[in-house]
**Student:** 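Here's a structure for you.
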Amino acid sequence: MAEKWFNVGKIVNTHGVRGEVRVISKTDFADERYQRGNKLYIFKENSNEQLEVVVENHRVHKNFDLLTFKGMNSIQDVEPFKGSLLKVTEDQLTELEDGEYYFHEIIGCTMFTDEGSEIGVIHEILSTGANDVWVVKRKIGKDLLVPYIDDIVTEINIEEKKIVITPMEGLLD
């Protein structure tokens with residue numbers, strides 16, 4: 001069986017001359033993913049070949065995660081990785097507590113109102129400081145932004161790819 005891969009971020013640039021890369025994260029657990037000693041896999045653009053790297057250091061600068069990898073200490077070592085994706089394997093995913101979900105479990109779910117009306121399909125998750133915001137692609141009209149808070153999201157069924165919300169006034173306008 002082919003191995004399942006999960007995106008954790010995209011290397012968008014280098015940072016400085018000491019082998020640091022600038023990453024836009026697509027993971028809900030950046031601090032956990034980028035811990036020193038963790039293995040990540042770099043997938044270069046337009047390629048299925050992967051390169052295993054080990055995280056040497058992680059820090060946050062502005063809206064980016066900055067990473068260095070073991071044995072890559074200069075800009076020349078990491079320059080070829082611009083535009084590459086960082087991924088992990090399925091067996092690197094940890095068991096979550098009840099009520100916690102990975103992004104890949106939520107993306108692709110169909111959202112309904114508590115009255116049974118279909119709203120659309122979640123196609124992106126935005127991580128904000130306070131809570132995540134789910135971006136729902138509607139059949140007609142602009143995308144809908146739904147905050148992931150208990151007052152709104154009332155039911156999550158990952159097996160059926162179904163999410164039920166109780167919309168607050170003005171949310172669906």
Side-chain angles (χ1 to χ4, degrees), residues 1-111 121-137 143 145-146 148 156-163:
M1 187 168 115
E3 192 146 28
K4 275 183 123 176
W5 296 94
F6 297 93
N7 285 350
V8 295
K10 181 174 183 173
I11 299 173
V12 293
N13 211 341
T14 58
H15 186 83
V17 296
R18 297 198 173 150
E20 207 166 29
V21 293
R22 187 178 295 199
V23 176
I24 294 177
S25 292
K26 294 288 184 190
T27 181
D28 23 13
F29 304 104
D31 289 338
E32 187 178 304
R33 281 291 156 239
Y34 303 143
Q35 279 184 359
R36 171 180 251 156
N38 277 3
K39 289 181 187 174
L40 297 174
Y41 296 86
I42 296 175
F43 283 72
K44 289 188 179 182
E45 274 186 303
N46 305 317
S47 173
N48 282 330
E49 291 183 39
Q50 69 267 7
L51 171 67
E52 180 182 297
V53 292
V54 176
V55 176
E56 180 72 27
N57 196 21
H58 167 246
R59 66 189 178 104
V60 176
H61 178 69
K62 297 184 180 174
N63 290 333
F64 298 98
D65 286 290
L66 301 179
L67 301 175
T68 55
F69 304 119
K70 196 170 193 168
M72 298 181 187
N73 303 315
S74 75
I75 191 170
Q76 291 82 11
D77 293 335
V78 296
E79 186 88 38
F81 302 145
K82 281 189 202 177
S84 298
L85 295 177
L86 290 172
K87 298 185 179 190
V88 294
T89 60
E90 186 171 28
D91 64 343
Q92 288 176 279
L93 301 179
T94 55
E95 194 70 31
L96 298 178
E97 293 182 25
D98 283 346
E100 290 184 344
Y101 305 93
Y102 283 109
F103 283 10
H104 72 269
E105 293 176 309
I106 299 298
I107 293 174
C109 287
T110 303
M111 184 175 285
V121 176
I122 299 169
H123 71 93
E124 185 179 0
I125 297 175
L126 306 174
S127 294
T128 65
N131 52 269
D132 290 341
V133 175
W134 295 348
V135 183
V136 181
K137 180 78 173 163
D143 287 351
L145 302 178
V146 178
Y148 175 45
I156 299 174
N157 187 325
I158 296 303
E159 290 77 31
E160 293 181 21
K161 301 295 276 178
K162 178 182 176 182
I163 293 177

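Throughout, residue positions are numbered sequentially from 1 according to the sequence presented. As a basis for the values below, the full set of heavy atoms in this structure was taken, side chains included, without hydrogen atoms, waters or symmetry mates.
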**Student:** Keeping to residues at least two apart or across chains, list the side chain to side chain donor-acceptor pair (under 3.5 Å) pairs with something in residues 99-108.
**Tutor:** Thr94-Tyr102
**Student:** Within the supplied structure, the quantity of interest is the number of heavy atoms (other residues, nucleotides, ligands) at a distance under 6.0 Å from Arg18 CZ; does it exceed 12?
**Tutor:**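 No - once you tally the heavy atoms of other residues, nucleotides and ligands closer than 6.0 Å, there are 12 at most.
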**Student:** Is there a side chain to side chain contact (heavy atoms under 4.5 Å, CB included) between Leu67 and Leu86 once you walk through the steps?
**Tutor:** CA-CA 11 Å; Leu67 301 175; Leu86 290 172; 3.8 Å; yes
**Student:** For the CD atom of Gln92 and the CZ atom of Phe6, what is their distance to the nearest 0.5 Å?
**Tutor:** 10.5 Å
**Student:** Is any side-chain heavy atom of Ile107 closer than 4.5 Å to a side-chain heavy atom of Glu124?
**Tutor:**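 The answer is no, as the side chains (C-beta and beyond) never meet within the 4.5 Å cut-off.
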**Student:** Could you tell me which residues satisfy side chain to side chain contact (heavy atoms under 4.5 Å, CB included) with Val136, sequence neighbours excluded, listed by chain and number?
**Tutor:** Met111, Ile119, Ile122, Leu144, Val146
**Student:** List in chain and number order the residues that pass ring pair (Phe, Tyr, Trp, His ring centres under 6.0 Å) with His123, two or more places apart in sequence or in another chain; answer none if no residue qualifies.
**Tutor:**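 If we apply the ring pair (Phe, Tyr, Trp, His ring centres under 6.0 Å) test to His123, skipping adjacent residues, there are no hits.
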**Student:** To check you understand the geometry: which heavy-atom pair defines the closest contact between Leu66 and Arg22, and what is its length?
**Tutor:**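 Heavy atoms of Leu66 and Arg22 come nearest at CD2-CA, 3.7 Å.
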**Student:** Around atom CG of Asn157, are there more than 12 heavy atoms of other residues, nucleotides or ligands at under 6.0 Å?
**Tutor:** yes
**Student:** Kindly compute the distance separating CE (Met72) from CD (Glu79), expressed to the nearest 0.5 Å.
**Tutor:** 13.5 Å
**Student:** For the pair Thr110 (side chain) and Lys162 (backbone), establish whether a donor and an acceptor sit closer than 3.5 Å, ignoring hydrogens and angles.
**Tutor:** no
**Student:** Go through the structure and list residues passing side chain to side chain contact (heavy atoms under 4.5 Å, CB included) with Gln76, not counting sequence neighbours.
**Tutor:**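 Gln76: side chain to side chain contact (heavy atoms under 4.5 Å, CB included) contacts with Ser74.
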**Student:** Are there more than 12 heavy atoms of other residues, nucleotides or ligands under 6.0 Å from atom NZ of Lys26?
**Tutor:** no
**Student:** What residues form a side-chain hydrogen bond (donor to acceptor under 3.5 Å, both in side chains) with Asp31, not counting sequence neighbours?
**Tutor:**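 None.
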**Student:** Applying side chain to side chain donor-acceptor pair (under 3.5 Å), which residue pairs with at least one partner in residues 34-45 are found, sequence neighbours left out?
**Tutor:** Ser25-Tyr34, Arg36-Glu56, Tyr41-Glu52
**Student:** Report the distance from atom CG of Leu126 to atom CG of Asn131, rounding to the nearest 0.5 Å.
**Tutor:** 10.5 Å
**Student:** Report yes if some heavy atom in the side chain of Leu51 is under 4.5 Å from a heavy atom in the side chain of Phe81; otherwise report no.
**Tutor:** yes
